[in-house]
Asks: 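My questions all concern the structure below.
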Amino acid sequence: GLGAPAFALLGIACSLAPRPAPTRAQAARRLGTVPRRALAGLGAVAALAALLSLGAPWLSEREIQSAARIWPQAPLVAYSRLDHAAKLNPLSDQADLVAGSIALRFGDLARAEHEFSQALTRVPDDAYAALELGAIASESGEPARALELLERAARLNPRDPLTRQALQTVRRGKPVNLQALNRAILLNAEQLA
């Protein structure tokens, strides 16, 4: 990834080297080639930008898939790959959602809360992140925050029965059973697949 800019800068440095003054004929010929060189340079910059804009999300998705395969055996490696994936594609919350889900499977509520908060920061309309954060807040003894997050999740996904059920539980003054909620989410996902 750093090779292309390094070679581009080397080319620019070489083009700035002092040269003997051109003759009138050479100067006249160069005037005709300046626009072609400028267009070629702009084309190269555009090609590099296109490569980065398409390549980074693709690499991010590959890192997410790799982390999803290895997390039971190597959770720290999976977290590292998910962090890298999030940096490669800062517009997507997918890496944060997967990392938060992995943290929940290991019972690491602090990390899960951090990851789902990151996801909600990246994509404020993510109903799943809001649901999980609301359930975590409920289980952590923060009913006001849980109610706020679960109401947000219900506004974002009004037809989801699990969200409505979690919201009703918190409104009754009871904590959401986070493990039962995640088992139900997993069961629903398996039925859809």
Asks: Could you check whether Trp71 and Phe106 have their ring centres less than 6.0 Å apart?
Replies: yes

Asks: Which value, rounded to the nearest 0.5 Å, describes the distance between Arg145 atom CZ and Ser140 atom OG?
Replies: 8.5 Å

Asks: Contact between Pro90 and Arg122 at the side-chain level, heavy atoms closer than 4.5 Å - yes or no?
Replies: yes

Asks: To the closest 0.5 Å, what do you measure between CD1 (Ile185) and CG (Asp160)?
Replies: 7.5 Å

Asks: If every non-hydrogen atom of Ile102 is compared with every non-hydrogen atom of Ala78, which pair is closest and at what distance?
Replies: CD1-CB, 4.5 Å

Asks: Decide yes or no for Gln165 and Leu150: does some side-chain heavy atom of the first lie under 4.5 Å from some side-chain heavy atom of the second?
Replies: no

Asks: Does Pro158 offer a backbone N or O that forms a donor-acceptor pair with the side chain of Arg164 under 3.5 Å?
Replies: yes

Asks: I need the minimum non-hydrogen distance between Ala86 and Asp96, along with the two atoms involved.
Replies: CB-OD1, 4.1 Å

Asks: Working to the nearest 0.5 Å, report the span between CG of Leu104 and CG of Leu109.
Replies: 6.5 Å

Asks: For a quick test of reading the model, state the closest non-hydrogen atom pair linking Leu181 to Ala135 and the distance between them.
Replies: CD2-CB, 3.6 Å

Asks: To the closest 0.5 Å, what do you measure between OG (Ser66) and NE2 (His84)?
Replies: 11.5 Å

Asks: Please check if any side-chain donor atom of Ser101 sits under 3.5 Å from a side-chain acceptor atom of Tyr128, or the reverse.
Replies: yes

Asks: With a 4.5 Å cut-off on side-chain heavy-atom distances among I, L, V, M, F, W and Y, is there a chain of contacts connecting Val170 to Phe116?
Replies: yes

Asks: Mind listing the closest non-hydrogen atom pair of Thr163 and Ala154 along with its distance?
Replies: CG2-N, 3.5 Å

Asks: So, Ser60 side chain and Leu88 main chain: donor-acceptor pair closer than 3.5 Å or not?
Replies: no

Asks: Answer whether the closest heavy-atom distance between the side chains of Leu131 and Asn157 falls below 4.5 Å.
Replies: no

Asks: Got a donor-acceptor contact below 3.5 angstrom from the Ser80 side chain to the Leu76 backbone?
Replies: no

Asks: Can you measure from CG (Asn89) to CD (Gln94) and round to the nearest 0.5 angstrom?
Replies: 10.0 Å

Asks: Taking Leu91 as the starting point, is it possible to reach Leu59 by hopping between hydrophobic residues whose side chains are less than 4.5 Å apart?
Replies: no

Asks: For Glu151 and Arg171: C-alpha separation, side-chain torsions, deciding distance, then whether salt bridge (charged side-chain N to carboxylate O under 4.0 Å, His left out) applies.
Replies: CA-CA 10 Å; Glu151 285 175 345; Arg171 283 183 176 158; 3.4 Å; yes

Asks: May I ask you to decide whether Glu148 forms a salt bridge with Arg152, counting only side-chain N to carboxylate O separations under 4.0 Å?
Replies: no

Asks: Check the pair Gln179, Glu139 against side chain to side chain contact (heavy atoms under 4.5 Å, CB included), reporting the backbone distance first and the verdict last.
Replies: CA-CA 10 Å; Gln179 288 181 344; Glu139 191 162 286; 5.9 Å; no

Asks: Indicate the atoms forming the closest heavy-atom contact of Leu82 with Ala67, along with that distance.
Replies: CG-CB, 3.6 Å

Asks: Arg81 vs Ile70, test: side chain to side chain contact (heavy atoms under 4.5 Å, CB included). Steps then yes/no.
Replies: CA-CA 10 Å; Arg81 289 186 181 169; Ile70 66 165; 3.5 Å; yes

Asks: Evaluate Arg105 against Leu186 for side chain to side chain contact (heavy atoms under 4.5 Å, CB included), listing each step before the verdict.
Replies: CA-CA 11 Å; Arg105 297 291 290 264; Leu186 183 61; 4.3 Å; yes

Asks: Rounded to the nearest 0.5 Å, what's the gap from CG on Leu133 to CD on Glu142? Could you check?
Replies: 10.5 Å

Asks: Step by step, work out the side chain to side chain contact (heavy atoms under 4.5 Å, CB included) result for Leu120 and Leu149.
Replies: CA-CA 11 Å; Leu120 213 51; Leu149 286 162; 4.3 Å; yes

Asks: Does a sphere of radius 6.0 Å around CZ in Arg172 hold more than 12 heavy atoms from other residues, nucleotides or ligands, not counting ones at 6.0 Å or beyond?
Replies: yes

Asks: Which atom pair, heavy atoms only, marks the closest approach of Pro124 to Leu156?
Replies: O-CD1, 4.0 Å

